[in-house]
Every structure is written in C-alpha cells, then in structure tokens.
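Let me begin by presenting the structure, written as structure tokens, before commenting on it.
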Amino acid sequence: MSKRVFGMFVVMFLIGILTAFVGSIAGLGGGVVLVPVLLFLGEEFASFSWVNPQSIVGISLVVMIFTGLSSALSYLKHDRVDKKIGYLFLIGSVPGGILGAWLNQYFKTDGFSLFFGLIMLVVSALFFLPRRQADAPLFKKGMEREKVVDGQTYTYRMPVAFGLGLSFVVGMLSGLLGIGGGSLLTPAMILLFSIPPHIATATSMFMIFFASISSSGTHILLGHVEWAHTLYFIPGAYLGGMIGAKVNRKLNGKLVEWVLRVLLILIAVRLISQGIG
C-alpha cells in the first residue's frame, strides 16, 4: 500500500469513527455529519475531487448500514429499542428510500448543499419548540406503547397512519440526501409522540440499519457507490457506532437534545453558505 493510499485510508477511517460516533449518540445515523464533511473535503482538497452528490449519498448509506448495525446491536442488548415502532417506520421508509435514491441522480453539488442545509435548519428549529407534557399528548388515539428503561416506565402513543406517512417522507429524504432518516425521525418521535430521547435515539438507529440496506441497494444499482473509497469508511463507522451507543447510555435526555440542536445548526449554516457561495 502506497503512502498516499495509506494516508487516505487513515483519513477516511477517522472520519468514519467521528461521524458514526456523533450520529449514534444523537440517533442520526452519521450521514448528517458524513455528507457535509465529504462536501467540504471535495471543495477544498484535490484528492477528494471524485466527490459529487451521487457518490456522497451512496457512500453515506452503505456506511450507515454498519453504523446502524453496531449501534442497534448495542441498544438491543440494553433493551432500549421500541421494535414495534421501528418496524412500523420501516414499512413506510423502505419504499420512500428507494424513491429518494432514484431522485438523487438529478442533483448538482451546489443545489444539493443548499437543499441539505435548509432541511437541517428546519430540523434544528423543531428542537426549540416546547415539549408536550406526557399527560397531554398531541395524538389522543393510536398504538399504545409502554417501555421500561433503567427501571422507569414510559407510555406514549403512535398513530399508525400518520407514522407510515411520516416515515415515507423521511425515507425519501434519506435516500435523496443520504442522512439515514434519523435526523428527522428522532426529533419527530421526541416532539410529536412524546417518546423519551433515549428510546427515540435507539429506535432510530434500529430503523436506520434496515432502511439503509434498501436505499443503498438502489444507489448501488444506479452506479453511485464508489467502492474503492466506501470500504475505507466502514471499519471506522462500525467502531464509532459502538462507542457512540455506549456513551449515549451515560447521557441524560436533555443533553442528547442539546447535542442535536447545536450539531444541526452548525451543519445547516455551513451547507447553506456553501450552496449560496
């Protein structure tokens, strides 16, 4: 292995760890960090001249399979995943992801950066809306759920039709932008359905693993995946996902929400400026 190839491997391995670590802590899947990082590198460094919206999203979704797998296994081990809600979201997000992956081929870099940044800005703004109290849910009807985490029992509702529609839209944006859906589903679960952040994060990572398989499969068929580069990210992503899930269990719910707020705002501002510039 030449020094240049080894250097690229080290850089991508570290990026994989960082993006998966942050994504796993916040239930985002890592794509919300990996995609902007690759856009920045493609703009600033000649060695990343291969970067375009199609290759970025293809790489992000393939890498998220491994981020989601390592995180989901950790969360399942500690019984933090609401599997019933996770399966419900998959029914909508899988076909949505396939559609989004197909639409991605029509994006150019500047328009992609601007649209991605605007979506992240909307998501970050959602976290500043006041939380609904558990005894005053937004939805009075729906699938009743009860989950015990660390000895505390949580109850909440999931309206099935609304959940399916939401997950389809989120899946489409995931396949289109390579963000895995977690950056949209996690705040939706917390704000709309009053699901505790730890359960929302764990359930999001569980769903991301399965949804990323179908979305990345579409990108592979369309020839969007740069395998020579993708394989460099995977070891770091798997390791980062495990570490992030472990750290998440030690954080309180409010801190997880603040991590999401700050991270999404910083990413949104950077991408919007890049898209306009």
Side-chain angles (χ1 to χ4, degrees), residues 4-26 28-64 66-67 100-101 104-125 173-184 208 212 215-216 219 224-237 239-241 244 259-277:
R4 181 179 176 277
V5 173
F6 180 74
M8 286 286 287
F9 169 77
V10 171
V11 170
M12 293 180 183
F13 177 78
L14 293 175
I15 292 172
I17 289 179
L18 175 64
T19 56
F21 172 73
V22 174
S24 181
I25 285 179
L28 306 179
V32 73
V33 182
L34 178 59
V35 171
V37 166
L38 288 178
L39 283 170
F40 170 77
L41 293 174
E43 188 180 61
E44 299 294 332
F45 299 97
S47 55
F48 285 85
S49 59
W50 50 270
V51 163
N52 59 50
Q54 289 71 44
S55 64
I56 289 175
V57 173
I59 286 173
S60 178
L61 289 170
V62 171
V63 169
M64 269 193 292
F66 297 90
T67 305
N104 170 269
Q105 63 190 307
Y106 300 107
F107 259 114
K108 302 298 182 184
T109 301
D110 287 344
F112 180 82
S113 297
L114 181 59
F115 184 61
F116 195 115
L118 291 172
I119 292 293
M120 292 300 97
L121 199 59
V122 169
V123 173
S124 63
L173 290 172
S174 171
L176 182 65
L177 301 175
I179 55 177
S183 57
L184 298 167
I208 282 170
S212 295
S215 296
S216 63
H219 280 283
H224 294 168
V225 177
E226 297 272 353
W227 287 109
H229 300 109
T230 303
L231 297 176
Y232 290 165
F233 288 102
I234 289 173
L239 180 61
V259 169
L260 281 167
R261 286 174 178 145
V262 174
L263 179 65
L264 293 174
I265 290 174
L266 290 175
I267 290 171
V269 171
R270 171 74 182 101
L271 288 174
I272 290 171
S273 64
Q274 181 177 336
I276 294 174

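Computed from a predicted structure; not experimentally measured.
- When each of N104, N52, L34 is checked for a side-chain contact (heavy atoms from CB on, under 4.5 Å) with V57, only N104 meets the rule.
- The backbone N or O of I208 sits less than 3.5 Å from a side-chain atom of S212, completing a donor-acceptor pair.
- In this structure, L61 and S215 approach most closely via the heavy-atom pair CD1-CB, 3.7 Å.
- The line from CG of L231 to CZ of F9 is 10.0 Å long, rounded to the nearest 0.5 Å.
- Annotation: the span from L239 atom CG to F21 atom CZ amounts to 10.5 Å, rounded to 0.5 Å.
- Looking only at side-chain heavy atoms (C-beta outward), F48 and M12 come within less than 4.5 Å of each other.
- Distance check, rounded to the nearest 0.5 Å: CZ of F13 to CG of L18 gives 12.0 Å.
- Atoms OH and CD1, on Y232 and I59 in that order, are 11.5 Å from each other to the nearest 0.5 Å.
- Counting heavy atoms from C-beta outward, T19 and V63 have side chains that stay 4.5 Å or more apart.
- Under a 3.5 Å cut-off, the side chain of S55 and the backbone N or O of V51 do not form any donor-acceptor pair.
- Within the model, atoms NE2 of H219 and CD of Q105 stand 9.5 Å from one another, a figure rounded to the nearest 0.5 Å.
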- Would L118 and L114 satisfy side-chain contact (heavy atoms from CB on, under 4.5 Å), going step by step from the backbone distance to the final call? CA-CA 6 Å; L118 291 172; L114 181 59; 4.3 Å; yes
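- The two residues A237 and A20 have their closest heavy-atom pair at O-CB, 3.2 Å.
- Rounding to the nearest 0.5 Å gives a distance of 4.5 Å between CZ of F233 and CG of L38.
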